[in-house]
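What follows is a set of notes on a single structure, which appears directly below.
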Amino acid sequence: FATAGQYQNLGTASGHTAGTASCPGTTVSDSDYSHYLGVCEDQSPSILIEKATNGHDADVAPGPEIDVGDPVEWTYEVTNTGDVTLEGIVVSDNQGVSVSCSATSLAPGTSMTCAGSGFAIVGQYQNLGTVTGTSSGPAYCPGTTVSDSDYSHYWGNEDSGDQGCTPGYWKNHLDSWSPTGYSPGQSVPSVFSEAAAYPEAAAASLLDALNFGGGGGVEGAVRILLRASVAGLLDAAHPGVAYPRTPASVISDVNAALASGDRDTMLALKDGIDADNNLGCPLN
């Protein structure tokens with residue numbers, strides 16, 4: 001059977017003349033090359049992706065307006081626009097959005113819709129969805145990889161910052177930590193550097209701090225402040241929480257209060273952060 005590409009083979013014939021006992025025969029031979037070019041069946045593989053944000057085909061900025069912290073749903077409609085079945089289809093997103101699809105192959109002319117989700121962050125947002133697939137065919141004809149990409153956008157409206165989750169929420173919902181960039185086992189001084197001056201705080205993890213109690217004196221104020229502040233930091237860092245403070249301001253304010261060594265200063269800051277932590281938690 002024909003194989004793909006240039007093929008060459010060589011045919012050789014040989015024979016031996018008859019002879020006698022006194023005059024042995026002679027062997028003669030000849031060769032001749034032959035060639036063919038094996039071409040795969042004509043195919044035109046192609047693929048198309050159309051990406052949308054909350055139902056809007058927002059190819060150009062700014063896209064739909066979405067309040068910070070509100071859910072964002074992305075859809076990725078993938079269509080086999082060629083004339084051959086595509087296998088190994090993968091859809092990816094350049095912003096790290098996890099994309100799920102119902103299939104990995106598409107017959108010619110068929111489509112499927114893949115999906116991803118997240119929470120709106122402040123300002124202009126852009127992400128790029130990309131699909132790749134490989135045309136199928138017989139073993140002797142390797143497939144061709146095709147791809148397509150499509151941008152989508154939204155504008156994240158910064159609202160009044162009227163959301164916040166309590167220390168109790170964060171210590172009981174460790175699965176919500178990941179989007180913040182912080183981890184339960186991370187040390188307190190790695191975030192609030194001035195906590196290193198207080199032995200109990202210096203040895204504590206962020207999760208430990210959420211379980212701190214109160215107490216008198218400066219050490220008690222440190223515990224009270226850090227319990228509220230770790231929750232405030234996680235609120236500020238989570239893209240799904242419209243918190244009135246930024247991570248940088250929480251860290252800066254807490255370090256200043258800890259450096260003061262003054263109980264009243266620490267408790268005053270704690271009261272403000274605690275009030276923000278009780279604005280209402282939008283997370284599950």
Side-chain angles (χ1 to χ4, degrees), residues 1-9 34-121 123-156 175-176 178-179 239-240 282-284:
F1 296 96
T3 60
Q6 184 63 58
Y7 182 88
Q8 169 187 282
N9 57 357
S34 187
H35 303 79
Y36 70 77
L37 178 64
V39 295
C40 294
E41 180 182 355
D42 288 342
Q43 295 178 345
S44 299
S46 63
I47 198 167
L48 175 70
I49 186 171
E50 287 292 340
K51 187 167 184 289
T53 298
N54 283 5
H56 297 268
D57 184 20
D59 289 343
V60 297
E65 293 187 2
I66 306 174
D67 289 340
V68 171
D70 281 359
V72 184
E73 300 293 334
W74 290 283
T75 55
Y76 310 74
E77 184 175 0
V78 177
T79 303
N80 182 344
T81 52
D83 58 6
V84 60
T85 296
L86 296 176
E87 308 282 356
I89 294 174
V90 175
V91 176
S92 61
D93 190 288
N94 72 329
Q95 294 290 358
V97 176
S98 177
V99 183
S100 61
C101 299
S102 59
T104 58
S105 66
L106 284 175
T110 62
S111 301
M112 67 176 172
T113 300
C114 305
S117 62
F119 296 97
I121 61 174
Q124 186 64 65
Y125 182 90
Q126 169 186 278
N127 55 356
L128 178 69
T130 298
V131 62
T132 60
T134 303
S135 61
S136 62
Y140 54 80
C141 280
T144 300
T145 298
V146 291
S147 66
D148 190 36
S149 297
D150 192 32
Y151 282 103
S152 194
H153 303 78
Y154 71 77
W155 177 266
D175 56 334
S176 293
S178 180
L283 304 179
N284 294 328

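Reckoned from all heavy atoms, side chains included, excluding hydrogens, waters and symmetry mates.
- Scanning both residues, Val146 and Pro45, for their nearest heavy atoms gives CG1-O, 3.5 Å.
- A 4.5 Å side-chain heavy-atom check between Tyr151 and Leu128 finds at least one atom pair inside the cut-off.
- Judged by distance alone, the side chain of His153 and the main-chain N or O of Ala58 form a donor-acceptor pair under 3.5 Å.
- We find the CG-CD1 distance between Leu106 and Ile89 to be 3.5 Å, quoted to the nearest 0.5 Å.
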Problem - Verdict with supporting geometry, Val90 and Val131, side-chain contact (heavy atoms from CB on, under 4.5 Å) - result: CA-CA 6 Å; Val90 175; Val131 62; over 6 Å; no
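- Among residue pairs with one or both ends in residues 82-96, those qualifying as side chain to side chain donor-acceptor pair (under 3.5 Å) are Tyr76-Asp93, Asp93-Asn127; sequence neighbours excluded.
- Distance check: Ser147 OG to Leu48 CG gives 11.5 Å after rounding to the nearest 0.5 Å.
- Pairs passing the ring pair (Phe, Tyr, Trp, His ring centres under 6.0 Å) check and including a residue from residues 80-108, sequence neighbours excluded, do not occur.
- Although no hydrogens or angles enter the test, the distance criterion places a donor-acceptor pair under 3.5 Å between the side chain of Gln124 and the main chain of Pro62.
- Here Thr113 pairs with Thr75, Glu77 under the side-chain contact (heavy atoms from CB on, under 4.5 Å) rule; sequence neighbours left out.
- Using a 4.5 Å cut-off on side-chain heavy atoms (C-beta onward), Tyr154 and Ile121 make contact.
- Two rings, from Trp74 and Tyr125, have their centers less than 6.0 Å apart.
- Between Cys114 and Val91 the shortest heavy-atom distance is SG-CG2, 3.9 Å.
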Problem - Verdict with reasoning, Leu86 to Ser105, per side-chain contact (heavy atoms from CB on, under 4.5 Å) - result: CA-CA 5 Å; Leu86 296 176; Ser105 66; over 6 Å; no
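- Nearest approach of Ser117 to Val97, heavy atoms of both residues: N-CG1, 4.0 Å.
- Using a 4.5 Å heavy-atom cutoff, the side chains of Gln8 and Ser34 are not in contact.
- Closest approach of Ser152 and Lys51 over heavy atoms only: CB-NZ, 3.4 Å.
- A pairwise comparison of heavy atoms in Val78 and Ile49 identifies CG2-CG1, 4.3 Å as the closest pair.
- The nearest pair of heavy atoms linking Val72 to Phe119 is CG2-C, 3.9 Å.
- For the pair Thr79/Thr110, no side-chain contact is recorded, criterion being any heavy-atom separation below 4.5 Å from C-beta on.
- Looking at heavy atoms from C-beta onward, Asp148 lies out of side-chain contact with Thr130 at the 4.5 angstrom threshold.
- No donor-acceptor pair under 3.5 Å is formed between the side chain of Asn80 and the backbone N or O of Ile47.
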